[in-house]
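Please read all numbers here as calculations on a predicted model, not as lab measurements.
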Amino acid sequence: MEEPKPPGGTSPLISTTDLLARARSGDTAARNELFARYLPALRRWARGQLPAWTRDLRDTDDIVQDTLVQTLRRLDEFEPRHEGALQAYLRQAVVNRVRDEVRRAARRPMPAELPEEYEDPSVSPLDQAIGRQASARYESALQRLRPEDRELVVARVEMGNSYRQIADSHGKPSADAARMAVARALLRLAEEMDRER
């Protein structure tokens, strides 16, 4: 009498106990057969076990497959004590892996999309070096300006005063007159800074 064949398979059905014994003795074909036998059932059982918020590039099927591969490599640690023990062992391995994934996902911050116009507020080392050099040139050039020009630059650039405030504090007849005076002072400052290059 011919041995029964698994549905859709080509090899005769071999008991899990026999496959397990052969796999534990290093039979790669037996390990592959166990993998093929248990993967579909574990995938069906595990579907939906991994919460959606924990998934990144991995899904539940990937986790089941990885867990099954790792568990079958360590069959020497498994001791079957009853019928269905291997299936229970594999399910528990998947549950443990899902818990690990949930803990891992809970530790990392939730991803957020950055707006296209986002600018990194931190200053790069190059910007810091350039900033220090430019600042030194600015301070040196500022000291070489006439006192009135220096005051106009400081009022506008460093203190952020409006042209109306500059006009009032520096005796200019209008905000436009203050704007022109500041523009001339900034032009002189730029010329002084260029001399240091």
Checklist line | Salt-bridge present (R103, D100; N to O < 4.0 Å) | finding: yes

Check: Given side chains that start at C-beta, do those of L145 and L152 come closer than 4.5 Å, heavy atoms only?
Finding: no

Check: How far does CE of M180 sit from NZ of K172, to the nearest 0.5 angstrom?
Finding: 11.0 Å

Next item on the list: To the nearest 0.5 angstrom, please state how far the CD atom of E148 sits from the CZ atom of R184.
Entry: 9.0 Å

Checklist line | Exam field: side chain R144 to backbone E192, donor-acceptor pair closer than 3.5 Å | finding: yes

Margin query: Here's a test for you: under side chain to side chain contact (heavy atoms under 4.5 Å, CB included), which of L68, V69, L34 qualifies with L39?
Written below: L68

Item checked: Step-by-step side-chain contact (heavy atoms from CB on, under 4.5 Å) determination, I14 to E33 -> CA-CA 9 Å; I14 301 169; E33 180 66 28; 5.7 Å; no

Margin query: To the closest 0.5 Å, what do you measure between CE (M193) and CD (E139)?
Written below: 9.5 Å

Notebook entry, point to check: What's the spacing between R31 CZ and L75 CG if we round to 0.5 Å?
Noted result: 6.0 Å

Note to self: Rounded at 0.5 Å granularity, tell me how far CG in N32 sits from CG in L19.
What the structure shows: 10.5 Å

Next item on the list: List the steps and the verdict of side-chain contact (heavy atoms from CB on, under 4.5 Å) for V157 and L189.
Entry: CA-CA 12 Å; V157 174; L189 176 69; 5.9 Å; no

Notebook entry, point to check: For A167 and S174, which heavy atoms make the closest approach, and how far apart are they?
Noted result: CB-O, 3.4 Å

Margin query: Quick one, V94 with T71, criterion side-chain contact (heavy atoms from CB on, under 4.5 Å). Give me CA distance, side-chain angles, the key distance, then yes/no.
Written below: CA-CA 9 Å; V94 171; T71 306; over 6 Å; no

Item checked: Hydrophobic cluster membership, V182 vs L187, 4.5 Å side-chain cutoff -> no

Check: Is the closest side-chain heavy-atom distance between M159 and Q165 below 4.5 Å?
Finding: no

Check: Quick one: does R43's side chain have a donor or acceptor within less than 3.5 Å of a partner on V64's backbone?
Finding: no

Checklist line | N161 versus R156, closest heavy-atom pair with distance | finding: O-NH1, 2.7 Å

Check: Counting distance only, does the side-chain N/O of R150 pair as donor-acceptor with the main-chain N or O of Q143 below 3.5 Å?
Finding: yes

Next item on the list: Measure the CG-CD distance between L142 and E158 for me, rounded to the nearest 0.5 Å.
Entry: 6.5 Å

Note to self: Less than 4.5 Å apart, side chain to side chain, heavy atoms only: is that true for L86 and R37?
What the structure shows: no

Next item on the list: Heavy atoms only: give me the nearest A175-Y163 pair and the separation to one decimal.
Entry: O-CB, 3.6 Å

Next item on the list: Could you tell me whether the side chain of T16 reaches within less than 4.5 Å of the side chain of Q87, counting heavy atoms only?
Entry: no

Check: Does the S25 side chain pair with the main chain of R22, one donor and one acceptor, at a distance under 3.5 Å?
Finding: yes

